[in-house]
Number of protein chains: 2
Amino acid sequence: MISEKTIERLSLYRRILQQLRVEGKETIMSHELADLLHIKPAQVRRDIMQLGYSGIPNSGYRIRPLLESIANFLDSPLPQSAVLVGVGHLGLALLANFAGRWRQLAIRAAFDKDPAKVGHTFHGCRCYSMLDLQKVIVETKSIVGILAIPGEGAQSVSDLLVQSGISGILNFSPLRIKVPNSVFVEHVDLSTTFEKVSFFARRMKHYVEEEKWKIEHETDEGEYETLTTNQ
Amino acid sequence: MISEKTIERLSLYRRILQQLRVEGKETIMSHELADLLHIKPAQVRRDIMQLGYSGIPNSGYRIRPLLESIANFLDSPLPQSAVLVGVGHLGLALLANFAGRWRQLAIRAAFDKDPAKVGHTFHGCRCYSMLDLQKVIVETKSIVGILAIPGEGAQSVSDLLVQSGISGILNFSPLRIKVPNSVFVEHVDLSTTFEKVSFFARRMKHYVEEEKWKIEHETDEGEYETLTTNQ
DNA sequence: GTATAATTGTGAATTTATGAACAAATTATA
DNA sequence: TATAATTTGTTCATAAATTCACAATTATAC
């Protein structure tokens with residue numbers, strides 16, 4: 001009923017609106033939000049419509065109640081817990097950025113197969129043995145698992161997470177894990193993302209240089225296709 | 001003409017095919033690749049068609065030439081360079097994972113405003129002062145900039161990158177930067193990603209519990225909407 | 001008050017992405 | 001050599017996401 005894209009945008013709206021509120025702003029219009037996100041105003045209105053919140057014609061949306069509507073929609077009444085598997089460089093970075101400061105989704109435990117890490121606390125988060133995975137997940141009532149491990153172990157760890165009752169996985173490993181369709185998976189594949197940016201950067205460069213050439217040579221003939229971008 | 005989604009999938013195909021090749025596999029059929037990625041065979045065939053590479057009816061695609069076609073399509077003839085801005089936890093993790101081992105897109109330099117970091121080398125990558133940004137980018141002929149800094153400085157650093165001739169930005173900061181449309185931007189927004197996974201994990205859980213309840217109570221009446229997922 | 005200008009909410013149109021289905025092609029087999 | 005079985009390339013159909021465009025509504029100016 002509600003799409004992933006909409007959820008992502010709502011989360012973004014919230015972050016921006018929170019910032020605007022501390023700056024003292026009280027209302028906002030769809031085209032202002034749209035400009036900040038580089039999307040169209042109609043998209044903003046549609047998203048907000050889905051919350052059931054109504055704006056005021058000719059004056060926009062009142063920020064405070066709009067934020068309440070978003071929170072009401074996105075957040076759980078109770079705080080939710082997540083666990084992190086893999087305390088390598090990436091895992092540490094995630095802990096550093098999100099361990100404490102996360103209202104809704106607290107990372108409550110970390111796991112690593114390296115015995116040297118087990119028992120230690122990283123950025124306020126205790127690291128357990130992989131053997132304790134199921135026990136800790138059940139105890140902390142965690143619903144989300146974050147996979148920050150190399151591809152090799154990803155499927156077996158994913159299976160473990162699912163068995164332990166996890167219902168969402170954020171997968172930073174390069175492997176496309178298989179899960180039952182009662183579990184939500186989000187793949188964040190940094191390798192392919194790099195390749196994508198590299199590819200389009202190169203294309204953009206070529207395109208710009210072609211345009212320059214055309215201008216320098218004053219040739220109007222010869223139509224060029226425009227590029228597909230995400231702007 | 002070619003979509004971002006297709007580029008992402010081609011990059012994925014490549015990684016999987018490289019693995020299969022070292023395992024000794026010579027040919028692959030669209031449905032095999034499709035199963036590994038949890039997509040439909042028609043999608044695989046369509047993507048490969050766009051490369052201009054043709055498979056063989058009743059026997060599939062020959063892996064080696066297919067890999068060549070993908071490389072030919074995705075990669076630049078010359079290796080390309082990228083720079084990283086922000087050597088915090090996340091920046092370090094990116095360097096650790098991608099600094100050396102990246103065929104196509106080498107991270108050639110890092111920048112940080114912390115004087116304590118400038119002059120040091122992290123995972124084989126030298127850290128420079130922000131003041132040297134433009135100079136180093138021009139010298140290394142870098143076309144991609146990776147932003148791994150907090151939101152506050154993101155826009156001004158982005159402007160600097162663009163001025164210095166960067167044509168693609170991989171933005172890990174929570175700010176939606178504004179760039180001319182001759183520059184490609186990919187946002188990797190970990191906060192919203194967390195929120196999204198958390199949201200759908202909760203929904204999945206509810207859905208599963210509802211289903212259980214329905215089964216336990218043998219009620220066939222009362223239709224429930226199915227969830228929108230990315231499986 | 002009334003008129004004017006501006007903004008929302010939303011149906012319709014458009015664009016983009018995915019999926020189904022089948023002819024054409026190729027191999028394997030009898 | 002001919003027949004059967006299978007997989008590709010591609011067209012047509014469907015679904016999802018976005019954008020347009022405009023009536024309805026509200027604030028503001030006069």
Side-chain angles (χ1 to χ4, degrees), chain A residues 1-13 17 25-63 65-66 69-70 73 176 181 187 196 200 225-231, chain B residues 1-13 17 25-63 65-66 69-70 73 176 181 187 196 200 225-231:
Chain A
M1 190 212 170
I2 193 134
S3 77
E4 289 188 39
K5 298 256 176 93
T6 300
I7 297 298
E8 283 174 11
R9 283 190 299 264
L10 286 173
S11 168
L12 272 170
Y13 299 158
L17 290 171
K25 201 163 164 58
E26 304 240 320
T27 66
I28 192 160
M29 292 184 297
S30 59
H31 69 86
E32 296 180 273
L33 257 182
D35 289 348
L36 287 168
L37 290 170
H38 317 125
I39 58 178
K40 296 282 179 290
Q43 184 76 75
V44 173
R45 294 201 293 274
R46 219 179 254 299
D47 291 335
I48 291 176
M49 205 180 61
Q50 299 209 54
L51 296 172
Y53 181 74
S54 274
I56 302 151
N58 203 27
S59 79
Y61 301 91
R62 297 201 303 137
I63 291 180
L66 175 52
S69 290
I70 295 177
F73 191 88
R176 297 280 151 152
N181 63 6
H187 294 276
K196 183 169 89 168
F200 284 104
E225 297 164 336
T226 51
L227 292 171
T228 309
T229 80
N230 65 345
Q231 310 292 315
Chain B
M1 191 213 173
I2 193 136
S3 78
E4 289 189 40
K5 298 255 176 97
T6 300
I7 297 297
E8 284 173 11
R9 282 189 300 261
L10 286 173
S11 168
L12 271 170
Y13 299 158
L17 290 171
K25 202 162 163 56
E26 304 240 323
T27 65
I28 191 161
M29 291 183 297
S30 58
H31 68 86
E32 296 180 272
L33 258 182
D35 289 347
L36 287 168
L37 289 169
H38 316 124
I39 59 179
K40 293 286 180 286
Q43 184 75 72
V44 173
R45 294 201 295 274
R46 208 197 291 286
D47 290 335
I48 291 176
M49 204 180 60
Q50 299 208 53
L51 296 174
Y53 181 74
S54 275
I56 301 152
N58 202 27
S59 81
Y61 301 91
R62 296 202 301 137
I63 292 180
L66 176 53
S69 290
I70 296 176
F73 191 88
R176 297 281 151 150
N181 63 7
H187 296 276
K196 184 170 87 166
F200 283 105
E225 297 164 336
T226 50
L227 292 171
T228 308
T229 79
N230 63 347
Q231 309 294 317

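All heavy atoms count here, side chains included; hydrogens, waters and symmetry mates do not. Residue numbering restarts at 1 for every chain, and letters A, B, ... go by the order of the sequence lines. Everything numeric here is computed off the predicted structure, so don't read it as measured data.
Residue A:Thr6 is out of contact with every strand shown, counting any heavy-atom pair closer than 4.0 Å.
Which of D:dT18, D:dT8, C:dT18 sits closest to the side chain of B:Ser30 comes down to D:dT8. Of the candidate nucleotides C:dA17, C:dA20, D:dT8, C:dA17 has the atom nearest to the side chain of B:Ser3. Comparing atom distances between the A:Tyr61 side chain and each of C:dA25, C:dT18, C:dT8 picks out C:dT8 as nearest. For B:Asn58, the listed nucleotide lying nearest its side chain is D:dT7; candidates were C:dT7, D:dT7, D:dA27.
Regarding B:Ile39, its CD1 atom lies at a distance of 20 Å from the P atom of D:dA15, rounded to whole Å. In this structure, CE of A:Met29 is placed 15 Å from C1' of D:dT25, rounded to the nearest angstrom.
Position along DNA chain D of the nearest nucleotide to A:Arg9 versus A:Ile56 favours A:Arg9 as the more 5'-ward residue.
Residue A:Arg46 places no side-chain atom within donor-acceptor reach of the base of C:dT8, judged by atom type and a 3.5 Å distance cut-off alone. Counting atom types as modelled, B:Arg45 pairs no side-chain N or O with a base atom of C:dG19 as donor and acceptor under 3.5 Å.
Residue B:Ser30 forms a side chain to side chain donor-acceptor pair (under 3.5 Å) with just one option from B:Arg46, B:Gln43, B:Arg45, and that option is B:Arg45.
Without hydrogens or angle criteria, B:Ser11 side chain to B:Ile7 main chain gives no donor-acceptor distance under 3.5 Å.
If you check D:dA27 for Watson-Crick or wobble pairing at under 3.5 angstrom, you find it paired to C:dT4.
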